[in-house]
Amino acid sequence: MAHVIEERTPKMSERSEFRTRRLRRNELPVDTVELARYLIGKTVVRETKRGRVAGRIVETEAYLMGDKAAHFYRGRTKRNGSLYLDRGHAYVYFCYGTHFMLNVSGERAGVGGGVLIRALEPVEGIEWMRRRRGTRKLQDLARGPGRLAEALGITRGQDGVDLTAAGSELWLGTATRATGEIGESVRIGITKDAQRVLRFYERGNEFVSGPKGMRE
DNA sequence: AGTGCGATTGACT
DNA sequence: GTCAATCGCACTA
């Protein structure tokens, strides 16, 4: 078995010496909008047999009760049930017949609320992200909700996973470094309740999705 | 049982 | 800039 030894010094984003710890449920705000802000700078970690893939959250959107753009606007259904689990559970939605999207439930059990994770700054397992995504370009690995899910190998199989449970295959971790200033804007790609300011992102971060004006 | 469409992406003019 | 891909699900009947 031949091994290729990387001789150059890895870039900061490729080092796996960062430290992160699984967030406990009682550390998560009990409010979807607060959670959407809180999650900026935190990590999403995916554990597989092959190893760990992780990224730093740089963009989120909140979906609330009474919000026409929310998947649970018309009530609880077979598909959206995970959005009614206690805060910190995964809701994975299959969209356009091609992409999965990762959300984190944001309220107490029985109340609907979700935070869509829209973009990650790759932190660990970058070679695995490249293989899953079929591109080398660091900026395109997890910039956008569909890309992010693909990079982490997330499918409906992860729907309902408790992101705070010990040993879960997918979890939320503490920040690996200081979080920058948080910007706000309207949400991307929706048509109903489109004027509401419920998108949050780390200002100036190159891994945030959307046009230039929505990243600064 | 049939239908319309969506919290996107990548390829192409 | 435009546009097709491609599927499950919720809604109508």
Side-chain angles (χ1 to χ4, degrees), chain A residues 31-40 44 55 57-85 87-107 111-122 129-161 163 170 172 183-202 206-215:
Chain A
D31 177 275
T32 303
V33 175
E34 281 183 44
L35 181 64
R37 286 180 155 281
Y38 174 84
L39 289 178
I40 301 294
V44 175
I57 300 171
V58 296
E59 181 183 356
T60 63
E61 285 179 358
Y63 290 87
L64 316 172
M65 290 294 279
D67 176 359
K68 295 189 181 69
H71 288 161
F72 51 90
Y73 179 62
R74 292 166 198 278
R76 191 169 188 162
T77 65
K78 182 184 176 185
R79 176 177 62 172
N80 67 26
S82 297
L83 289 166
Y84 289 81
L85 298 176
R87 66 195 190 284
H89 283 80
Y91 162 58
V92 181
Y93 166 58
F94 186 51
C95 190
Y96 294 110
T98 45
H99 305 288
F100 291 98
M101 289 177 222
L102 173 66
N103 293 249
V104 179
S105 61
E107 303 285 339
V111 182
V115 176
L116 171 68
I117 308 300
R118 283 195 60 92
L120 298 180
E121 176 180 331
M129 291 193 192
R130 286 181 165 138
R131 273 180 233 185
R132 287 208 176 97
R133 291 276 301 115
T135 178
R136 303 290 307 168
K137 199 177 173 192
L138 193 61
Q139 196 180 347
D140 288 346
L141 295 182
R143 182 170 178 263
R147 293 168 171 175
L148 170 168
E150 187 173 43
L152 267 53
I154 292 172
T155 67
R156 282 287 286 182
Q158 280 67 242
D159 183 54
V161 167
L163 302 171
L170 186 64
L172 294 170
E184 303 179 344
S185 82
V186 294
R187 294 170 293 184
I188 293 177
I190 57 168
T191 53
K192 296 167 241 169
D193 272 341
Q195 79 293 349
R196 301 186 71 173
V197 177
L198 290 170
R199 171 175 173 265
F200 306 96
Y201 57 96
E202 184 176 55
E206 65 177 318
F207 297 97
V208 173
S209 76
K212 190 163 182 271
M214 295 188 82
R215 286 185 267 138

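Lettering follows sequence order; numbering is per chain, from 1.
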In whole angstrom, what separates [X]'s [atom1] from [N]'s [atom2]?
X        : N      : atom1 : atom2 : result
Glu61(A) : dT8(B) : CD    : C1'   : 12 Å
Leu64(A) : dA7(B) : CG    : P     : 15 Å
Phe72(A) : dG6(B) : CZ    : C1'   : 16 Å

Rounded distance in Å between the C1' positions of dG8(C) and dG10(B):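 Comparing C1' positions in dG8(C) and dG10(B) gives a spacing of 22 Å.
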
Would you measure the distance from the C1' atom in dC3(C) across to the matching atom in dC5(B) and give it in whole Å?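 Looking at atom C1' only, dC3(C) and dC5(B) are 16 Å apart.
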
Report each atom pair, protein N/O against N/O of nucleotides 9-13 of chain B, whose distance is under 3.5 angstrom.
unit_1: dT9(B); atom_1: OP1; unit_2: Pro145(A); atom_2: N; d: 3.3
unit_1: dT9(B); atom_1: OP1; unit_2: Gly146(A); atom_2: N; d: 3.0
unit_1: dT9(B); atom_1: OP1; unit_2: Arg147(A); atom_2: N; d: 3.3
unit_1: dT9(B); atom_1: O4'; unit_2: His99(A); atom_2: NE2; d: 3.1
unit_1: dG10(B); atom_1: OP1; unit_2: Arg133(A); atom_2: NH1; d: 3.0
unit_1: dG10(B); atom_1: OP1; unit_2: Arg133(A); atom_2: NH2; d: 3.0
unit_1: dG10(B); atom_1: OP2; unit_2: Arg147(A); atom_2: NE; d: 2.8
unit_1: dG10(B); atom_1: OP2; unit_2: Arg147(A); atom_2: NH2; d: 2.6

Base-pairing string, 5' to 3', of DNA chain B - Watson-Crick or wobble, under 3.5 Å, | interstrand: ||||||.|||||.

What string of B, S and - do you get for nucleotides 7-13 of chain C, 5' to 3', if B is base contact, S is sugar-phosphate-only contact and - is no contact with any protein heavy atom under 4.0 Å? B-SSS--

Under 4.0 Å between a side-chain N or O of His71(A) and OP1 or OP2 of dG6(B)?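 Answer is no, no contact under 4.0 Å.
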
Would you say CZ of Arg131(A) has more than 12 non-hydrogen atoms from neighbouring residues, nucleotides or ligands within 6.0 angstrom?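 Yes.
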
Taking only distance into account, with no hydrogens and no angle test, what donor-acceptor pairs under 3.5 Å do side-chain atoms of residues 141-157 of chain A form with protein atoms, sequence neighbours excluded?
unit_1: Arg143(A); atom_1: NE; unit_2: Val208(A); atom_2: O; d: 2.9
unit_1: Arg147(A); atom_1: NH1; unit_2: Arg143(A); atom_2: O; d: 2.9
unit_1: Glu150(A); atom_1: OE1; unit_2: Arg133(A); atom_2: NH1; d: 2.8
unit_1: Thr155(A); atom_1: OG1; unit_2: Gly157(A); atom_2: N; d: 3.1
unit_1: Arg156(A); atom_1: NH1; unit_2: Val92(A); atom_2: O; d: 2.7

N/O-N/O pairs, protein side and nucleotides 3-5 of chain B side, under 3.5 Å:
none

Suppose we screen for ring-ring contact (aromatic ring centres under 6.0 Å, His included). Which residues come up paired with Phe100(A), at least two apart in sequence or across chains?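 Result, ring-ring contact (aromatic ring centres under 6.0 Å, His included) vs Phe100(A): Phe94(A).
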
How would you label the contact of Ile190(A) with the nucleic acid (heavy atoms, under 4.0 Å): base, sugar-phosphate, or nothing?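 Sugar-phosphate: the residue Ile190(A), judged by heavy atoms under 4.0 Å, touches backbone atoms but no base.
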
